[in-house]
Each structure stands twice: as C-alpha cells, then as structure tokens.
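In what follows, a structure is listed as structure tokens, so that the remarks can point back to it.
These numbers come from a predicted model, not from an experiment. Residue numbers begin at 1 in each chain, while the letters A, B, ... track the order of the sequences.
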Protein chains: 2
Amino acid sequence: MKPGSKLPNELALAKMYGVSRIPIRQALAQLDQDGLIRREHGRGTFIAKDFQRPPVVKLTGITGWEVALGTKHHFLAEETVPASGQLAEFFELAPGATLTRFRRLRVVEGAPFCIINYMPNALAKRVNRTDLQANTMLDILVKKLRIPLGKMQQSIQAIAADTEIAGHLDIEVMRPVLLIENYTRDRRGRPMLYSQSFYRGNQSKYLVELQNGSGRKGMAAVR
Amino acid sequence: MKPGSKLPNELALAKMYGVSRIPIRQALAQLDQDGLIRREHGRGTFIAKDFQRPPVVKLTGITGWEVALGTKHHFLAEETVPASGQLAEFFELAPGATLTRFRRLRVVEGAPFCIINYMPNALAKRVNRTDLQANTMLDILVKKLRIPLGKMQQSIQAIAADTEIAGHLDIEVMRPVLLIENYTRDRRGRPMLYSQSFYRGNQSKYLVELQNGSGRKGMAAVR
DNA sequence: CAGTGGTCTAGACCACCAA
DNA sequence: TGGTGGTCTAGACCACTGA
C-alpha cells in the first residue's frame, strides 16, 4: 500500500472480511492510533504518509510495552534497600519496609544506559536471575511471571550526571542525562515495579505521539 | 464518588441515561483513558484511586492540548529565517525557503521557560501579535485561527544549556535542560507548527501515562 | 448531491471473575 | 453459577466533504 492511497470504505471492508462495521472500526481506530492510517470525516481513510519522523540522532533503546530484543544486560547488583518516602508511598509500604533493587547496564548500538528496578521483595524472589541477563523487567513480569500489567506512569526529566551514573554511561560528571522513571501497576492497580533508566542526553530522544482530536485527550503534560 | 467505589454496570447506566450500551462504553473508555476509573473484566468498574502521582518537584507548565491560563508571555523576537534541512523536510519546503520564528519567554510559578515557534510565513501573518502575549501558539491556532489540529509528535531530550538558553532560563551554562520539540499538523496532516520548549532540568518533569492493555499499545518510545 | 466516517439502537454471545 | 465487561450483528441516522 502506498502512502496517501485510499482504503475502501468501512462498509466495503466489512463485507470483504465478512464482519459488521464495529470490528472494522475498532481495527481502523487501532491503526489510526498507531499512526499507520489517517481517517478523515467525509473523505475517507488513507494510508499515512511516511511521516518524516523528527530525525533521531541515534537509537538507544525502547521503553514501554515493546522491548528491544537481542541486547544483553550486564548485571551490576541486587540489593535489599529501605523504601524511601516516595517509594514507600507508591508501593503502599509501612515506613521502614524494604524493597529489592536490581541494577543493570544495557548497551544498544554502542550507547550504554543504566537501569535500576525496585520491586517488592516477594515479587523479586520469583524472578529467575538468569532472565535478568536478556530481558527487560517488564518482559519478565509479563512473560515469565505471567502478571497482567495495567497502567504505567512515566516521568521524564533532564538531570546532571553524578559520578556513578557518569561512570556507567561513560560520560563526564554533570553532563545532561535523560532520566525516565516508570511506575508500573498490575491490572488491578497494585504497584509492581518502579524503575529508573538513565540515558546519555545527547544520544536519546523520547518520542510521544499525542492523540488526534479537537481539544481533548492530551496524554502528556509537563509539570 | 469515593476512590475504589464501584459504579453501576453498563446495562444499568444505559437505562439510567436512556441510551444504549455503546455510548456508555465510549464514555467509560474515555474516563478509563483519562485515569479516572478502572475497568476490570468480570468484576466491574471502579472509581480510580487517587494514584499517588510521583511527587513532582515543581510545576512548570503544560504542553499538549490543554494550556495553562493566566500566565503571561514575554515576547522576545520575531524573525524570518531560512528553513534548515530538518525543518524544510517537515514543512515540505524547497531548500532555501523561509519560515517565521517567534521566540518567547514564559514564567510559571517562578520558573521561566523559553519557547521558540516556527511556522509557515503565510500562517504567521494571520497571527495577531497581541495574542502572542497571553496565549500559547496551539491556542492561537485552534481558537483564534480556527485550525483543526490533528496529530502532534513530541520528542523530549536532555541537553546542555548554551549561553543563550542559560540566560533565558537564568541558570548556568552547561546545566541540564529539558528540550521538548513539537511537530504539529492539522487534521489533514499538513505541517502547521514546529516548536521548541526549553525547561530547567531540575524543576520540570514530563509525565506520560501509558495505555493499559496486555502487550500492545506502547505509545511512547525512547530512541 | 452522493459518499464518507461518526454515532447510535437493540439485541446477542463470549470470557472472565467471585462466590 | 450469576454477574460483569468485551465483542459482535444488522441495521439506522447524522455530520462532514467534495463535486
């Protein structure tokens, strides 16, 4: 299918696939959300142009549901640490309770980034240590531990590298670093995982596509 | 409604409001996406807990469809500039063509941030200069020029402040700065606006809520 | 005006969950 | 097992677009 070409209309698609309009509309809505097609009221549905993605300096990884495969993780440490105020709040823990922390390094296309995962001790016990070398923690939760995940909140900020992070990322201290924090809950809303990922500032971009719509639905906010 | 309390089921709501299940489901899907309710297959629909939002250091502004009101913009400059390679590509311009650039400062809760907007000259001519002092460019496009907007792509990165940005943000050179780039198109996919916003690194977080779902739908990726 | 996507009705069946 | 949300059928009407 060529960019800009028009798809058959919904009724035609429904007949083609022998279903009614509703599943067709759901599928098209999905494709629309994924940016593969563009729907125009009164005109039709079109294959999306190969949007000139803002040219990215360099790929360094993926955060979210999908996961870059084939990249190895270098295991740094596993520790049991007291939950600080914020984390105790997120994990709904009593003050003084502890969490398990995993620290890992990962290299994608030559650029290293550092990942720190915090999870409840009971959950951490179920993690197979060898899985940590080839999977993201989200993958482990979903595919290995079979935990259906729900919403995930991320926050992105620019910080200055401290000595430890600078060492891991192989940059100078005080250089800008992109820090992505991730608060993950299961389908019932129970806290499962908190992670921090540190990326080299000059080699990473976080891309967001905001919803179409005429006023509502901004999914992201800077605070 | 108290957090965690259960809503009537869909059929009941449909009868209450005298509509069928479909609009009820659409409304609930919207509330779900906005994080106000949580839907659980086989159990019911519940008012969302007041999720302990990861405590934000400080609010500095909002990017997206919605807009912080009542904050003034300090107009810095309006210029006609040649479109660089990337921008020419986004705006589908011939090499050598020009764009209009507006530079403004904005202060929210004591923290300044700097906004640079690029737009086609023809569009820029339609912008009322006095509107620039109290509205975001998105607001101007939507509310003043009545341009229905479509998708918006944002990229977030951590950069080091150069002398100019450092001056505007009142920080030291080389300190980390959050740069948010925004590629805005109208409903037909035509390029309308490109903007850069610079925020103090230590006072700004970009928040993203990723979709629920069991595998698909990651809306954001780090590249 | 005809054709399109957006929304709706009034049902139906399935998948999941808790008791 | 009964109740829930998830999905579907087979229609209908409306709102927007372009000729």
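Between B/Pro8 and A/Gly42, the residue whose closest nucleotide on DNA chain D is further toward the 5' end is B/Pro8. Comparing B/Arg43 and B/Pro23 against DNA chain C, the residue whose closest nucleotide sits nearer the 5' end is B/Pro23. Between A/Gly44 and B/Val19, the residue anchored closer to the 5' end of DNA chain C is A/Gly44, taking for each the nucleotide with the nearest heavy atom.
Closest to the side chain of A/Arg188, out of C/dC17, D/dT17, C/dT9, is C/dC17.
Between the side chains of A/Asn182 and A/Ser195, no donor N or O sits under 3.5 Å from an acceptor N or O. The closest side-chain donor-acceptor pair between B/Asn121 and B/Thr98 falls under 3.5 angstrom.
Atom CG in B/Asp186 sits about 12 Å away from atom P in D/dT17, given to the nearest Å. For the pair A/Lys6 NZ and C/dG5 C1', the interatomic distance rounds to 11 Å; values are reported in whole Å. Rounded to whole angstrom, the span from the CZ atom of B/Arg39 across to the C1' atom of D/dG6 amounts to 9 Å. When rounded to the nearest whole Å, the span between CD of A/Glu10 and P of C/dG6 equals 6 Å. We find that NE2 of A/His41 is positioned 9 Å from P of C/dG5, with the value rounded to whole Å. The separation between A/Phe46 atom CZ and C/dG5 atom C1' is 11 Å, rounded to whole Å. Rounded to an integer number of Å, the gap from CD1 of A/Ile22 to P of C/dA12 is 15 Å. Following rounding to the nearest Å, B/Ile24 (CD1) and C/dA10 (P) show an atom-to-atom distance of 13 Å.
Here CD1 of B/Ile156 is found 4.5 Å from CD1 of A/Ile156. Values are rounded to the nearest 0.5 Å.
A/Arg187 has a side-chain polar atom (N or O) that falls below the 4.0 Å cut-off from OP1 or OP2 of C/dC17. Using a 4.0 Å cut-off, some side-chain N or O of B/Arg25 falls inside it from OP1 or OP2 of D/dG6. B/Gln26 has no side-chain polar atom (N or O) that falls below the 4.0 Å cut-off from OP1 or OP2 of C/dG6. OP1 or OP2 of D/dT9 has not a single side-chain nitrogen or oxygen of A/Arg21 nearer than 4.0 Å. At the phosphate of D/dG3, neither OP1 nor OP2 sits under 4.0 Å from any side-chain N or O atom of B/Asn9. Residue B/Thr45 has a polar side-chain atom (N or O) positioned under 4.0 Å from OP1 or OP2 of D/dG5.
Other residues, nucleotides and ligands contribute more than 12 heavy atoms inside 6.0 Å of the CZ atom of B/Arg129. Within a 6.0 Å radius of CZ in B/Phe75, more than 12 heavy atoms belonging to other residues, nucleotides or ligands are found.
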Next item on the list: Please report the C-alpha distance between A/Tyr183 and A/Tyr194 in whole Å, then the side-chain angles of each, then the deciding distance to 0.1 Å, and finally whether the ring pair (Phe, Tyr, Trp, His ring centres under 6.0 Å) criterion is met.
Entry: CA-CA 5 Å; A/Tyr183 297 81; A/Tyr194 164 74; 4.9 Å; yes
Next item on the list: Go through the steps to decide whether B/Asn117 and B/Arg104 satisfy the test side-chain hydrogen bond (donor to acceptor under 3.5 Å, both in side chains), and finish with yes or no.
Entry: CA-CA 8 Å; B/Asn117 300 120; B/Arg104 293 180 294 167; 3.3 Å; yes
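When ring centroids are compared, B/Phe113 and B/Tyr199 come within the 6.0 Å threshold.
Within a heavy-atom distance below 4.0 Å of DNA chain C, no residue of residues 11-18 of chain A is found.
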